[in-house]
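Each remark here refers to the structure printed beneath this line.
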Amino acid sequence: MIQQAARDFAQNELKPGVIERDEHQKFPAEQVKKLGELGFLGMMVSEKYNGSGLDALSYVLVMEELSKVDASSSVVVSVNNSLVCYGLESFGSEFQKEKYLKPLASGEKIGAFCLSEPEAGSDATSQQTTAEDKGDYYLLNGTKNWITNGNTASTYLVIAQTDRSLKHRGINAFIVEKGMEGFTIGPKENKMGIRGSDTHSLMFNDVKVPKENRIGEDGFGFKFAMKTLEGGRIGIAAQALGIAAGAYELALEYSKQRKSFGKAISDHQAIAFKLADMATTIEAARLLVYKAAWLKDQGLPYTLAGSMAKLYASKVAMDVTVEAVQIHGGYGFVKEYHVERMMRDAKITQIYEGTTEIQKMVISREILK
Ligand code: CAA
């Protein structure tokens, strides 16, 4: 039922205008509002905090369906659910859940997760942003890069160094509100893919963050980021799966209609074999993604499964979208047929929430330990 609701929403609400939003880098504001009304922005949050009280498997089903049509919208869903709401519900104080989680889970407000910096993306322990303890507040200074929902968000989870001598144990996570004095938002990035999503750098210049906005015990920030990203990777794996599945479905349909040398191109083995490879790898990616979500739902370790799902599904997204463009021939190279956008969108899934190389680091550490 949840999968069908997401499928209907994607077809009826996301598909119209998706090409224009990509072309003009327009944030899907109306669509995101409706996603909130459907309960898709706080899917795994308990009803007590205005969430839908669903499980991770439901969440990946929704991510997959939305991403089949519009990855710019689904990344908003992913960041709000996995990186912001999950982090706050799992590790936030009661005060933080009441004040910040509730409006984020209902979709009344949107959140952003701010870890990456100009010189600390994959190497997350090298945070240059500092938060100096001033008694009843922290003084935040630094710059964050590539922040999804950078301008649309109202609530920002910001990772910063509080004691450099303690390395990763001297890192904390803070809740920063839009409008706090000294907090400014840089221009929107002009991206290759997921162009409808809102990506900015953020500048913090002597921003006073109240003490009660620190998440967890002093020094918990790095673990907070790692734990949160672990779940986030399953969501992005589902996004990659959806992009692949969406492009495959379009290529399949096109190949049955388009004729060459007297028959449908799907009747030529050159195309039929491509479709066979696409369908097989998508199914394998799907099983990895569902398994990771299932493990999370069972309360079992899912670090390895989540990274495997993200590593594999993002490769499948890239490979399948390239083939989908190829099957469409010249039509695949123009915007009206959607697959060129999907090919551009696929690439980010190999980069954000931990690059392909980071996933291989996590996987190899897990299997070797
Ligand atoms: N859960 C809990 N703790 C963890 C953990 C996990 N999954 N992974 C590591 N830790 C802990 C370790 O136990 C260790 O703690 P102790 O010393 O107390 O035992 C500490 O963290 C440091 O661990 P490592 O020595 O393994 O750290 P590292 O520097 O080697 O880094 C890494 C590990 C996996 C490479 C990590 O830095 C990482 O994941 N990097 C990628 C970051 C990333 O995904 N960036 C993308 C930004 S978010 C984004 O894209 C958002 C968006 O808008 C879409």
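Atoms within each ligand, like the ligands themselves, are counted from 1 in listed order. Everything quoted here is computed from the prediction, not taken from an experiment.
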- Quick one: look up the protein heavy atom nearest atom 9 (C) of ligand 1 and list residue, atom name and how far away it is. Met226 CG, 3.8 Å
- Query: Under 6.0 Å between the ring centres of Tyr59 and Phe40?
  - Reply: no
- Query: Would you say Ile147 contacts ligand 1, with heavy atoms under 4.0 Å as the rule?
  - Reply: no
With a 3.5 Å cut-off and sequence neighbours excluded, list the donor-acceptor pairs that the side chains of residues 259-266 form with protein atoms.
from	atom 1	to	atom 2	distance (Å)
Ser260	OG	His268	NE2	3.3
Ser266	OG	Ser255	O	3.3

- Item | N/O separation below 3.5 Å, His168 to ligand 1 | yes
- Query: For ligand 1, which atoms sit closer than 4.0 Å to a heavy atom of Thr125?
  - Reply: 29 (O)
- Note on the structure: For Ala124, the atoms of ligand 1 under 4.0 Å from one of its heavy atoms are 37 (O)
- Are any of the N/O atoms in Arg169 less than 3.5 Å from those in ligand 1? yes
- Item | Test item: Tyr86 and Asn81 side chains (from C-beta on) under 4.5 Å apart, heavy atoms | no
- Task: Please confirm whether Arg365 comes within less than 3.5 Å of ligand 1 when only nitrogen or oxygen atoms on both sides are compared.
- Result: yes
- Query: Does Lys97 NZ have over 12 foreign heavy atoms under 6.0 Å away?
  - Reply: yes
- Note on the structure: Heavy-atom proximity to atom 45 (N) of ligand 1, picking from Ser78, Ala120, Ser82, Gly121, points to Gly121
- Query: Nearest non-hydrogen atom to atom 51 (C) of ligand 1 belongs to which of Ile194, Ile159, Leu83?
  - Reply: Leu83
- Query: Among Tyr138, Phe224, Phe220, whose ring-ring contact (aromatic ring centres under 6.0 Å, His included) with Phe174 holds?
  - Reply: Tyr138
- Atoms of ligand 1, numbered as shown, that sit under 4.0 Å from any heavy atom of Met361: 35 (C)
- Task: Find all atoms of ligand 1 within a distance of less than 4.0 Å from any non-hydrogen atom belonging to Thr148, and give their numbers and elements.
- Result: 52 (C), 53 (O), 54 (C)
- Task: Using distance alone, decide if ligand 1 has a nitrogen or oxygen within less than 3.5 Å of any nitrogen or oxygen in Glu230.
- Result: yes
- Minimum non-hydrogen distance to atom 50 (O) of ligand 1, winning option of Glu353, Glu357, Gln359, Lys167: Glu353
- Charged N to carboxylate O under 4.0 angstrom, Lys360 versus Glu357? no
- Note on the structure: For Gly354, the ligand 1 atoms with a heavy-atom partner under 4.0 Å come out as 43 (C), 44 (O), 46 (C)
- With the side chain counted from C-beta on, respond yes when Leu287 and Val289 share a heavy-atom pair under 4.5 Å apart, and no when they do not. no
- Query: About how many Å separate CG of Asp218 and CG of Asp133, when rounded to the nearest 0.5 Å?
  - Reply: 7.5 Å
- Among protein heavy atoms, which sits nearest to atom 37 (O) of ligand 1, and what does the distance come to when rounded to 0.1 Å? Ser122 O, 3.4 Å
- Message: Does ligand 1 come near enough to Val75 that some N or O of the ligand is less than 3.5 Å from an N or O of the residue?
- Response: no
- Message: I need the nearest protein heavy-atom contact for atom 47 (C) of ligand 1: residue, atom name and distance, please.
- Response: Ser116 OG, 3.3 Å
- Message: My understanding is that only one of Arg21, Arg7, Lys34, Lys33 makes a salt bridge (Lys or Arg N to Asp or Glu O under 4.0 Å) with Glu13; could you say which?
- Response: Lys34
- Members other than Leu311 in its cluster, when Ile, Leu, Val, Met, Phe, Trp, Tyr link by side-chain heavy atoms under 4.5 Å? Leu304, Met308, Ile363, Ile367, Leu368
